[in-house]
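Down below is the structure, laid out as structure tokens.
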There are 2 protein chains.
Amino acid sequence: MGVDCHHTESAHPGLEGVALADAVAAAVNKCERTRERLTPPRRRVLELLLEADGPMKAYDLIAAYGHDGEPAKPPTVYRALDFLERLGFAHRIESLNAYVPCRMEGTSHRAAFLICECCGAAQEFEPDFAPQFAAAESAGYAVRTVTLEARGLCPACKVEA
Amino acid sequence: MGVDCHHTESAHPGLEGVALADAVAAAVNKCERTRERLTPPRRRVLELLLEADGPMKAYDLIAAYGHDGEPAKPPTVYRALDFLERLGFAHRIESLNAYVPCRMEGTSHRAAFLICECCGAAQEFEPDFAPQFAAAESAGYAVRTVTLEARGLCPACKVEA
DNA sequence: GCAAAACTGTTATGAAATAACATAACTAAA
DNA sequence: TTTAGTTATGTTATTTCATAACAGTTTTGC
């Protein structure tokens, strides 16, 4: 994926400057309201996700972690990712082994992505799972989290192919 | 998952005897009709998936591969899994790094699972993605495959919890 | 037959994630 | 404001998951 593709990932360009600062501030505020601790490593990993143009691999985050070029130790980043996922600030994209910042409101533990197999872009969207899980829950299942990953070609890559 | 759970995985008990032979024969027939080759390693991995009581990890398959206890080499199993997925005989469950035989008709490249976080059972079900992807496709996306993974508690584990 | 394609066997390595344990920082109750 | 409990971090090492690369074999179509 992405190897034979000249497109830039465009679904969610990375944040910088004021936009980045605003996004981080919003996370800080939300944590303060809920008495959660957005500690330095957690905040740093969130920044890296927000700055990125597309899904980030854990070891990309590890390599980019230090402002001075020093990598993080793996557990530092994996723990921060656990926290960010738990609070709904980030999602893991299972089929890519990669992570993105959440683009949707709230902490719904429901995430859905359209993933381009050419350029690697991942577009988050708001799914409607209600009909599926009415059935599941009436059969006795207690659904806690749901992830949906649709793979294919984004509009730009589809044109070229 | 499964560690603190006394339940047996019950969603799809492993096949044996005639049922197993029938399932394998159905795969053989389907391959003959489509001129695909269900070679010995592919068939062996399919058998192992069908015999299992729940999702199998790749290295579980590797360890169980030889009838004499000899493990397979990793590429042998991963190649067989690629084939089985491509033909719709098996699905990878991304959030478990594990594999199950397909329980549904056809080769739709659409799979949906209810995964119990207590006992590890994975129940395949037939989703209705139509409304989601009408929107995606009208926005220019060409969707190729879809996977949905819902995590929570199955009826048996929910009762105990 | 012969060449191309598909498949297998094998060695080695790369990528992703966590176990385990020591230390430090918050929090709240006595 | 000590102290106990909890939560988070730092660090080393290891485990788990997956693929690259290449040689050799079988199948398929011309």
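Both backbone and side-chain heavy atoms feed into the values below; hydrogens, waters and symmetry mates do not. Protein chains get the first letters and strands the later ones, always in sequence-line order, with residue 1 at the start of each.
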Q | B/Val100 side chain reached by B/Phe113 side chain, heavy atoms, under 4.5 Å | A | yes

(Q) Both B/Thr39 and A/Tyr99 contact DNA chain C. Taking the nearest nucleotide for each, which residue is further toward the 5' end? (A) B/Thr39

Q | Residue closer to the 5' end of DNA chain C, B/Ala80 versus A/Ala58 (nearest nucleotide) | A | B/Ala80

Whole-Å gap separating [atom2] ([N]) and [atom1] ([X]):
X: A/Lys57; N: D/dA18; atom1: NZ; atom2: P; answer: 11 Å
X: B/Tyr59; N: D/dA18; atom1: OH; atom2: P; answer: 8 Å
X: A/Leu87; N: D/dA8; atom1: CG; atom2: C1'; answer: 14 Å
X: A/Arg43; N: D/dA8; atom1: CZ; atom2: P; answer: 17 Å

Using the side-chain contact (heavy atoms from CB on, under 4.5 Å) criterion, which residues pair with [X]? Sequence neighbours excluded.
X: A/Ala142; result: B/Leu153, B/Lys158
X: A/Ala27; result: A/Leu38, A/Leu46, A/Phe89
X: A/Ser95; result: A/Ile93, A/Ile115, A/Glu149, A/Arg151, B/Glu94
X: B/Asp22; result: B/Val18

Q) Near DNA chain C, which residues from residues 61-74 of chain A have a heavy atom under 4.0 Å away? A) A/Pro74

Q) Salt-bridged, B/Glu85 to B/Arg92, with N to O below 4.0 Å? A) no

**Q.** Terminal axis angle for the helix from C/dG1-D/dC30 to C/dA30-D/dT1, five pairs an end, nearest 10 degrees
**A.** 40°

(Q) Regarding B/Phe83, tell me which of base, sugar-phosphate or nothing describes its non-hydrogen contacts under 4.0 Å with the strands shown. (A) nothing

Q.
Restricting to non-hydrogen atoms, name the atom on B/Cys157 and the atom on B/Cys118 that form the minimum distance, rounded to 0.1 Å.
A. SG-SG, 3.3 Å

Q: Identify the heavy atoms of B/Cys31 and B/Phe83 that sit nearest to each other, and give their distance.
A: SG-CZ, 4.3 Å

Q: Examine B/Met104 and B/Leu84 and state if one hydrophobic cluster contains both, with Ile, Leu, Val, Met, Phe, Trp and Tyr joined whenever side-chain heavy atoms are less than 4.5 Å apart.
A: no

Q: Would you kindly confirm whether B/Tyr99 and B/Leu20 end up in one hydrophobic cluster when ILVMFWY residues are joined by side chain heavy atoms under 4.5 Å apart?
A: yes

Q: Would you mind telling me which of D/dT9, D/dA20, D/dT12 lies closest to the side-chain atoms of A/Pro75?
A: D/dT12

Q) Reading nucleotides 22-30 of chain D 5' to 3', which nucleotides get B (base under 4.0 Å from a protein heavy atom), which S (sugar-phosphate only), which -? A) B----S---

Q: Scan residues 29-73 of chain A for pairs that pass ring-ring contact (aromatic ring centres under 6.0 Å, His included), counting only residues two or more places apart or in two chains.
A: none

Q. Is B/Arg92 near enough to D/dC17 that one of its side-chain N or O atoms lies under 4.0 angstrom from OP1 or OP2?
A. no

Q. Should B/Tyr78 be listed as having a side-chain N or O under 4.0 Å from OP1 or OP2 of D/dT19?
A. no

Q. If you walk 5' to 3' along DNA chain C, what is the first nucleotide with an atom under 4.0 Å of a heavy atom in chain B, and what is the last?
A. C/dA6 to C/dT11

Q) Does anything in residues 33-45 of chain A pair up under side-chain hydrogen bond (donor to acceptor under 3.5 Å, both in side chains), and if so which pairs, sequence neighbours excluded? A) A/Arg44-A/Glu47

Q) Can you list every pair that meets side-chain hydrogen bond (donor to acceptor under 3.5 Å, both in side chains) and has a residue in residues 68-84 of chain B, with sequence neighbours left out? A) none

Q. What residues form a side-chain hydrogen bond (donor to acceptor under 3.5 Å, both in side chains) with B/Arg103, not counting sequence neighbours?
A. none

